[in-house]
Amino acid sequence: MKKQVIALSLGLITIGAFAQKNELKTAEKAIKSQDYSAAISSITSVDAMANTMDAKYKAKYYFLKGQAYAGKKDYKVAAKAFNDLMTYEKENGKAKYTEKATPMLNNLITEVSNKAIALYNDDKDYKNASENFYLTYLLSPTDTSFLFNAAVSSSL
């Protein structure tokens, strides 16, 4: 009986690994064709397995998740995925995707800060400007000027 349980467990683990690989390939193809909704649905199907994912797929998962959500302009989720990727690769000592993700994260920071500045200066929409300044601060916590700008915008 123990042998059957062990064999069944190994079989399920193997199936899970193949499912992860196939979903990541599907997401990668969707991103290349700029079908971000399909990429997000593929990524979402793997989300539940993220904690138990094989190490060789986890970095790719974070990278593809960041790309897909950046394409859909969901800056918070994209930035979290890129930051999770960088933390994960730093812990493992293998920076395979970090070099590709860093400029993407910097582009997100630039887009959000430009949007916040435009909302503040042009549209006089201080509430949304404040939210975008704060989001920029969350994306780049070392630059506290965005936090200051968020506070000033929210007081208007």
Side-chain angles (χ1 to χ4, degrees), residues 2-3 5-117 128-151 154:
K2 286 182 181 178
K3 290 180 182 179
V5 171
I6 291 172
L8 182 62
S9 298
L10 289 174
L12 290 175
I13 290 170
T14 305
I15 290 171
F18 283 120
Q20 294 167 1
K21 184 178 179 181
N22 288 337
E23 291 299 324
L24 292 177
K25 280 185 180 180
T26 302
E28 190 172 25
K29 287 179 184 177
I31 289 169
K32 285 182 181 176
S33 65
Q34 296 183 349
D35 185 4
Y36 300 113
S37 297
I40 289 172
S41 68
S42 293
I43 293 291
T44 304
S45 67
V46 181
D47 278 345
M49 296 182 274
N51 293 334
T52 60
M53 189 176 289
D54 288 346
K56 62 183 176 181
Y57 299 126
K58 199 164 193 172
K60 187 173 186 176
Y61 160 75
Y62 286 132
F63 180 67
L64 293 175
K65 184 175 182 176
Q67 279 187 305
Y69 280 98
K72 287 292 275 186
K73 306 293 184 198
D74 190 341
Y75 300 114
K76 282 184 183 178
V77 178
K80 181 174 179 353
F82 285 139
N83 287 328
D84 289 344
L85 165 70
M86 292 172 194
T87 302
Y88 178 74
E89 286 192 339
K90 193 175 199 180
E91 290 172 357
N92 286 349
K94 296 179 182 178
K96 183 176 181 180
Y97 294 102
T98 298
E99 290 181 15
K100 295 177 186 176
T102 301
M104 291 178 185
L105 182 59
N106 290 336
N107 286 340
L108 290 177
I109 293 167
T110 303
E111 282 182 42
V112 175
S113 66
N114 287 341
K115 182 178 178 183
I117 291 167
N128 286 326
S130 174
E131 291 171 2
N132 281 284
F133 278 128
Y134 185 68
L135 177 57
T136 306
Y137 167 71
L138 292 176
L139 297 175
S140 178
T142 56
D143 191 352
T144 57
S145 64
F146 293 115
L147 184 60
F148 175 77
N149 290 340
S154 66

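Values below: all heavy atoms of this structure, side chains included; hydrogens, waters and symmetry mates excluded.
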Nearest-0.5 Å distance, [atom1] of residue [X] to [atom2] of residue [Y]:
X	Y	atom1	atom2	answer
E131	S154	CD	OG	10.0 Å
L24	L64	CG	CG	6.0 Å
S130	L147	OG	CG	9.5 Å
I43	E28	CD1	CD	9.5 Å
I31	I40	CD1	CD1	8.5 Å
T98	E89	OG1	CD	3.5 Å

Which atoms form the tightest heavy-atom contact between [X] and [Y], and what is the distance?
X	Y	answer
L139	Y75	CD2-O, 4.0 Å
E23	S45	OE1-OG, 3.1 Å
L108	A79	CD1-N, 4.1 Å
A39	A68	CB-CB, 3.9 Å
S37	K72	OG-NZ, 3.1 Å
T110	S113	O-OG, 3.1 Å

Is there a side-chain contact between [X] and [Y] (heavy atoms, below 4.5 Å)?
X	Y	result
K100	Q67	no
L85	Y61	no
F63	F82	yes
V46	K65	no

Taking NZ in K58 as the centre, count heavy atoms belonging to other residues, nucleotides or ligands within less than 6.0 Å. Is the count above 12? yes
Residues, nucleotides or ligands: over 12 heavy atoms within 6.0 Å of Y134 OH: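 For Y134, atom OH is not crowded (no more than 12 foreign heavy atoms under 6.0 Å).
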Is there a donor-acceptor pair closer than 3.5 Å between any side-chain N or O of [X] and the backbone N or O of [Y]?
X	Y	value
S140	T136	no
S41	A38	yes
N92	K94	no

Could you go step by step and tell me if Y97 and E99 meet the side-chain contact (heavy atoms from CB on, under 4.5 Å) rule? CA-CA 6 Å; Y97 294 102; E99 290 181 15; over 6 Å; no
For side-chain contact (heavy atoms from CB on, under 4.5 Å), just list the numbers for K60 and K96, CA-CA rounded to whole Å, side-chain angles, deciding distance to a tenth of an Å, and then say yes or no. CA-CA 9 Å; K60 187 173 186 176; K96 183 176 181 180; over 6 Å; no
Pair Y137 + F146: ring centers closer than 6.0 Å: no
Pair D35-S33, side-chain donor/acceptor within less than 3.5 Å: no
Is there a side chain to side chain donor-acceptor pair (under 3.5 Å) between Y88 and D84 once you walk through the steps? CA-CA 6 Å; Y88 178 74; D84 289 344; over 6 Å; no
